[in-house]
Number of protein chains: 2
Amino acid sequence: METKDAVLALAALAQESRLAVFRLLVRNAPEGLTAGLIGEQLEMPAPTLSFHLKTLAQAGLVSMVQEGRYVRYRAVLAGVDALVAFLKEDCCRGNPKRCSTKGSS
Amino acid sequence: METKDAVLALAALAQESRLAVFRLLVRNAPEGLTAGLIGEQLEMPAPTLSFHLKTLAQAGLVSMVQEGRYVRYRAVLAGVDALVAFLKEDCCRGNPKRCSTKGSS
DNA sequence: CCGTCATTTCCATATTATTGGAATAATGGA
DNA sequence: TCCATTATTCCAATAATATGGAAATGACGG
């Protein structure tokens, strides 16, 4: 992962509305939800939601699939893992014992 | 963790300069670095760096300790873990098997 | 105290993001 | 084909953020 991608993903999540959308999709993984259902759950106007979904998709954090008249969105959980790996890259110069808490990447 | 805290932390990282600062501190955990050394490594003007360090500190992602004339900054690695836990909260409605990749929180 | 060094605050500028109404597409059923 | 439904694009007002020079703060050594 490159810095540019990480900033894109972090910026996508660093916004109340989008964070709510993403977390809703995480809860509803792996089936996902249609745009309409998301808007209904979060009481968000369609254009606003569309804008945010596009941002999340461009950041690689959600995937979209056309299903007839609907578009189904899904959280890309691997995106979060990639982000964390990037953040902790070469943590403690590779002395994992000195690194805190749980030993993710 | 509350939504507000998560947005604060994500926004702190969602910026190229700050992301660079944080990752530098992660690499140099757990000792940390003084403000001056960070600015030197990243070739960043002092006021700009100070602004970004303050933002990271307010987000709970770095800690600061006065050391004589210097101020030492350290990455708070647990902050990242808390963030991930929040993002993946109730993932797949608690069906961890259906959740992807590695089984963090 | 006084000078020096490390860091922060002040401030103005430039840039970028969020929001939702109205209009526009795209799909499928009758 | 025509209509109802679903979702997106267009656009403009509003708000928030990043940047760095100059000045101010704070800490230590002499």
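All of these numbers come straight from a predicted model, not from anything done at the bench. Chain A is the first sequence line, chain B the second, and so forth, proteins listed ahead of strands; every chain is numbered from 1.
Between His52(B) and the phosphate of dT17(D), there is no side-chain N or O to OP1/OP2 separation shorter than 4.0 Å. For dA16(D), the OP1/OP2 oxygens have no side-chain nitrogen or oxygen of Gln15(A) closer than 4.0 Å. Proximity of Arg18(A) to the phosphate of dT18(C): a side-chain N or O atom is located under 4.0 Å from OP1 or OP2. Between dA18(D) and Ser17(B), no contact under 4.0 Å exists linking OP1 or OP2 to a side-chain N or O. Contact annotation: Tyr73(A) does not reach the phosphate of dT6(D) (side-chain N/O to OP1 or OP2, under 4.0 Å).
A donor-acceptor pair under 3.5 Å is absent between the side-chain atoms of Arg74(A) and the main chain of Ser63(A), judged by distance alone. Remark: side-chain polar atoms of Arg72(A) are not paired, donor with acceptor, to backbone N or O of Val65(A) under 3.5 angstrom.
Mapping Thr48(A) and Tyr70(A) onto DNA chain D by nearest heavy atom places Tyr70(A) closer to the 5' end of the strand.
Each of Leu77(A), Asn28(A), Val80(A) was checked for a side-chain contact (heavy atoms from CB on, under 4.5 Å) with Cys91(B), and the lone residue meeting it is Leu77(A).
Atom CD in Glu67(A) sits about 19 Å away from atom P in dA26(C), given to the nearest Å. Atom CG in Leu49(A) sits roughly 14 Å away from atom P in dT18(C) (whole-Å rounding).
Counting non-hydrogen atoms under 4.0 angstrom, Ala35(B) reaches the backbone sugars and phosphates but no base. Among the protein residues, Pro45(A) comes within range of the sugar-phosphate backbone only, with heavy atoms under 4.0 Å from sugar or phosphate atoms but none that close to a base.
Taking a 6.0 Å sphere around CD of Glu2(A), one finds it holds 12 or fewer heavy atoms contributed by other residues, nucleotides or ligands.
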